[in-house]
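All values reported here derive from a predicted model rather than from experimental measurement.
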Amino acid sequence: MQHQQGFDGLPPAPADEHIACVYTNHATVLQILRIENIEGWYFERVVFPGQTLAFTATTEAIAQIFTCDHIGCLLDDHLRCSELRLRESQTSTASVA
């Protein structure tokens, strides 16, 4: 059986382990949110200043936040996706990716 790399979409896990997550870029510069610690899955999105990004991940996923300027991008933070879990009050402000 051939293993297929999952890009974006849903991470490989039972459906009940998927969680809805949300991240807001509160910085004044562009950021990149990247998840690469889940085997068989890679997720990366550009998040503009003030933008809110909604996505699906697993509780084990760790989001790397890169802050970018005109010189390049630097790893700024690591956040567990379980900490980014979408709450009921956030559903009207998130754009789904």
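Residues F43 and L53 come closest through the heavy atom pair CE2-CD2, 4.5 Å. What you find for L30 and F48 is that their closest heavy atoms are CD1-CE2, 3.5 Å. Across all non-hydrogen atoms, the minimal contact from C21 to A57 is SG-CB, 4.1 Å. The minimum heavy-atom distance between P49 and N25, with the atom names listed, is N-ND2, 3.5 Å.
When the options I62, I38, I35, T58 are evaluated for a side chain to side chain contact (heavy atoms under 4.5 Å, CB included) with C81, the one that passes is I35.
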What do the steps show when you test I32 against E44 for side chain to side chain contact (heavy atoms under 4.5 Å, CB included), and what is the final call? CA-CA 7 Å; I32 296 173; E44 181 174 289; 3.6 Å; yes
task: Just do the side chain to side chain contact (heavy atoms under 4.5 Å, CB included) check on R45 and Y23 with the steps written out, would you?
output: CA-CA 11 Å; R45 289 288 188 274; Y23 176 77; over 6 Å; no
| field | Derivation of the side chain to side chain contact (heavy atoms under 4.5 Å, CB included) call for L84 and F55 | value | CA-CA 10 Å; L84 299 174; F55 59 97; 4.2 Å; yes
List the atom pairs, donor and acceptor, that lie under 3.5 Å between side-chain atoms in residues 68-80 and the rest of the protein, sequence neighbours left out.
from: D69; atom 1: OD1; to: I71; atom 2: N; distance (Å): 2.9
from: D69; atom 1: OD1; to: G72; atom 2: N; distance (Å): 3.1
from: D76; atom 1: OD2; to: T67; atom 2: OG1; distance (Å): 3.3

